[in-house]
Amino acid sequence: MSTLRIAIQKSGRLQEDSLKLLKESGLSFSNGRDQLKTQARNFPVEILFLRDDDIPQYIEDNVADAGIVGENVFIEKQKKNDLVKRLDFAKCRLSIAIPRSENYTGVGYLEGKNIATSYPVIVRNFLAKHGVKAGIHEISGSVEIAPGIGLADAICDIVSTGSTLMSNGLKEVETVIQSEAVLLAAPRLAAEKKKVLDKLIFRFEAVQSAKNNKYILLNCPNEAIQKITDVIPGMKSPTIMPLGRPGWSSLHSVVNENDFWEKIDLLKSFGAEGILVIPIEKMIA
Ligand code: ATP
Ligand code: ZN
């Protein structure tokens, strides 16, 4: 099988979760500091450690076959890359912020203003969509200080909690895009590499579904089995085993993380008792 070269961020906010995802997907590799690349010992994958901003270009140039970056970087760079999978981490948004003392009246407020950002393409598209003409001042870091030092009237930058904005006297007024980590790939991979990529995506999905689901065991009166099965149908159907105590059963199933607590309340109201909830390591439908 030919080796798939996958690029991840060499240091920064994406690195830890990218490495974790690869390891949880069963890849075994060493990742020492200052290493430029490493070969997985048990899977035909080579991992390249690069600056995240450069990854889309490396994929377009066929130096890497795939890579993990923020969707914000994917959209900004406009390279010939396919977004093949959303990865459910590094969630953030790109927002417009203005000085807190300003009275924001809507997107029209930005007309004729100067916006500092590291994302000129995304900001230009946003302004065009709203028919607003504003100046874009591209800077590569510490965007949030630009209004304070008189460099710009507004900024467009990544926000996760808003505390950085707050401490710079800014307020968030528009969300421009939502972002999360994504897996990118070169549009035309050789068949052998595509096969490796598909295997990797299959494993990513097993890891993700495991994270989003929990294994649940409970005891219930036999009359409640049907109602409980309707609430937690599991992957095909629950496992039901008789308890030593007549009229009672043990029911095993899978429950989604998102509506977990509402379901638990419902199950209790049907008479479920002794509910145990256990993490799942991998889940394959
Ligand atoms: P460098 O290019 O020097 O590696 P960077 O500023 O581009 O630095 P990071 O700050 O590590 O890189 O951010 C990488 C990506 O992580 C961003 O492009 C974004 O998708 C995501 N991200 C950034 N800040 C946050 C945050 N506060 N919460 C969640 N995700 C974030
Ligand atoms: Zn970067």
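Predicted, not measured: the structure shown is a model, and the values here were computed from it. When a ligand or atom number is given, it counts from 1 through the structure's own listing order.
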For the residue pair Asp230 / Gln226, report whether a side-chain donor-acceptor contact shorter than 3.5 Å exists.
yes
State which residues pass side-chain hydrogen bond (donor to acceptor under 3.5 Å, both in side chains) with Glu172; sequence neighbours excluded, sorted by chain then number.
Arg93, Ser95
Exactly which residues line ligand 1, taking a heavy atom under 4.0 Å from it as the test?
Gln9, Ser11, Gly12, Arg13, Leu14, Arg51, Asp52, Asp53, Gly70, Asn72, Val73, Ala90, Lys91, Cys92, Ile158, Ser160
The Zn ion (ligand 2) to Asp52: nearest N/O/S atom name
OD1
Here's a test for you: under salt bridge (charged side-chain N to carboxylate O under 4.0 Å, His left out), which of Lys263, Lys211, Lys214 qualifies with Glu257?
Lys214
Evaluate whether atom NZ of Lys80 has more than 12 neighbouring non-hydrogen atoms of other residues, nucleotides or ligands under 6.0 angstrom away.
no
Please determine if Glu46 and Lys37 form a salt bridge, counting it only when a charged side-chain N lies under 4.0 Å from a carboxylate O.
yes
Verify the neighbour count for atom NZ of Lys23: are there more than 12 heavy atoms of other residues, nucleotides or ligands below 6.0 Å?
yes
What N/O/S atom of Asp53 is the closest to the Zn ion (ligand 2)?
OD1
Heavy-atom count check: over 12 atoms from other residues, nucleotides or ligands less than 6.0 Å from Gln35 CD?
yes
